[in-house]
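Report on the structure given below.
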Amino acid sequence: MAATDTVSTDRTPPSRGFGATERIQRARRAEAAFVGLGIVVTSVGAVTLMALLGGLLSDGWARLTPEFFGNFPSRRATQAGILAAWVGSLLVVLVCAFVAVPVGVAAGVYLEEYARRNWITDVIEINVNNLAGVPSIVYGLLALGVLVYGLGLGQSVATAGLTLALLILPIVIVATRESVRAVPYSIREAAYGVGATKWQVTSHHVLPYASPGISTGVIIGLSRALGETAPLVMIGALSFIAFLPTPPVRDSFPYISFQWLLDPFTVMPIQMFNWVSRPDPAFQANAAAAGLVLLVMTLAMNGFAIWFRIRMRSKIKW
Amino acid sequence: MPTVLNIVSPMDALPPPKMEGVDVKVFYGAKQALFDVSLPVRNRSVTAMIGPSGCGKSTFLRCLNRMNDVILGARVEGAITLDGQNVYDKTVDVVQLRARVGMVFQKPNPFPKSIYDNVAYGPRIHGLSANKAELDGIVETSLKKAGLWKEVADRLDQPGTGLSGGQQQRLCIARAIAVSPEVILMDEPCSALDPIATAIIEELIDELRQNFTIAIVTHSMQQAARVSQYTAFFHLGYLVEYGETRQIFTNPKEARTQAYITGRFG
Ligand SMILES: Nc1ncnc2c1ncn2[C@@H]1O[C@H](COP(=O)(O)OP(=O)(O)OP(=O)(O)O)[C@@H](O)[C@H]1O
Ligand SMILES: [Mg+2]
């Protein structure tokens, strides 16, 4: 009894020195193993991207001439170009952004700042999250029924833009909600405290401070839209177009025209797919070159997003 | 008639209430946080609210400028008056009320904008200045009143969040002052600050009472004793005792007040 008492009360630790114990060494080895694994898996991604880029470059580099950007598709591989495709992609993404950004941001802000918490908002929330996981071809099907035939928009730039807008809406909404939620409540209180209305709190503070995050979500969404193929095939994008949409400016009143919205179109990925599926290897080079251009367009968009984020962040000093 | 003339209580010398809570009850959902609190906030003086954590000090304070409105499920009964007008009346615009009853929070919460823009925000949204020069003037006087001007005059375009904690809190005070409120509410304004910054703010509060009516929540009995003229002691959602600070701290009427200020609970 007395012996156990002295043992349990004697809490002075033995002298430990400074060397790593067996236990610490084991922890170190586990860490080293994880770092090694990390390097391997990270390089898988990087190497794949490099290989892809290398392959595209070696196949398609020679085709990247000014004519390639200025020519319509052609039966002869060396004369074929991506004019209709890149203009189409640009217009479609433009329409998509024009619709998805205001609608998505407004919906996200409304859900986060204004909507009451009840079962209806819960249902909406679940729906929005699930929509992000719906296969894109299903959006194509919806667009075919509602936009092409229902609203009679036909197989047009507008239809494509609206379809892709629907597709990326959940991404924009979720990014907006998360960025808005990340703005500290104390900032809202501060603004209310000097007599700001809810809308002033939202538009002067919450939205600007959330904008770096929102813009990241928007760009991720738009990059996705730029590369989407399936839903556009579904609504009937043409793969051989030898004309440009109607120019948006006219020389007579009212000087601007929206006819281009209803014109048929093609986009980069569809043009690529069309070329890849031809037996003539010369067309494969065209596809590789078009792939490069698409990649650069996506990277440029991401670069813009990063620049915008840095610019906004430098204005907002937490 | 003679009875009226004969009643000369010491209360007659006190400043009139600028704001007053009358039988204020507050509920958060089903939970009642305040029970029939009646309490004046006297004109151009500092009223301190003390009491153990969770007793409803912040809740009462936030009724005074209807900051509870934005809390989901919060409900207020009874009346809160400002110059005799019930601020929970339908005719009272909550935005206008908050311009007249400003607030400083526990944690300094400057906007992630420049020092200038922080102070100028209120005047801008309320259209208090006709031009840039006038706005500059408001920003300067507000920062001066908040005792911050000397430290920031040469870096008004720097972010407000880059200041020290104590400076940030004075910036928040300047931001509140800039809309020329009549009442300033402060919820533990020094709890995130070191003793030196606290002393500066306490001095500032003492100066501000020349022009503003101040209600302050504090956990520090010493602070309440130092800065306030009137003290209200809350316990478990009830107002236990209200009186002149000197009387509360030297000669409390209630046993619970006595126990709290001598540190026996809380
Ligand atoms: N938003 C809220 N929702 C639900 N209950 C709340 C809310 N805010 C406060 N309460 C409750 O109301 C009671 C009073 O809270 P209050 O914040 O007013 O206390 P306090 O005196 O300011 O305390 P402290 O000194 O800790 O700040 C507490 O029991 C608290 O749990
Ligand atoms: Mg509190």
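Quantities reported herein were computed from a predicted structural model and do not represent experimental measurements.
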Residues, nucleotides or ligands: over 12 heavy atoms within 6.0 Å of B:Leu72 CG: no
Does atom CZ of A:Arg23 have more than 12 heavy-atom neighbours from other groups under 6.0 Å away? no
B:Asn109 side chain vs A:Ile187 backbone, donor-acceptor pair below 3.5 Å: no
Which atoms of B:Val70 approach chain A - backbone, side chain, both or neither, heavy atom under 4.5 Å: both
Segment of B:Arg124 engaging chain A (4.5 angstrom heavy-atom cut-off): neither
Chain B contacts: which residues in residues 194-211 of chain A have a non-hydrogen atom closer than 4.5 Å to it? A:Val194, A:Gly195, A:Ala196, A:Thr197, A:Gln200, A:His204, A:His205, A:Tyr209
Is B:Phe105 close to chain A through its backbone or its side chain, or both, or neither, when contacts mean heavy atoms under 4.5 Å? side chain
Quick check: under 4.5 Å, non-hydrogen atoms only, which of residues 170-184 of chain A neighbour chain B? none
Just do the salt bridge (Lys or Arg N to Asp or Glu O under 4.0 Å) check on A:Glu189 and B:Arg62 with the steps written out, would you? CA-CA 11 Å; A:Glu189 276 191 331; B:Arg62 296 165 65 92; 2.9 Å; yes
Rounded distance [0.5 Å steps], CE in B:Met67 versus OH in A:Tyr192: 8.0 Å
Is it the backbone or the side chain of B:Pro110 that comes under 4.5 Å from a heavy atom of chain A, or both, or neither? backbone
Are there more than 12 heavy atoms of other residues, nucleotides or ligands under 6.0 Å from atom CZ of A:Phe34? no
More than 12 foreign heavy atoms under 6.0 Å from CZ of A:Phe98: is that the case here? no
Counting heavy atoms not belonging to B:Arg155, are there more than 12 under 6.0 Å from its CZ? yes
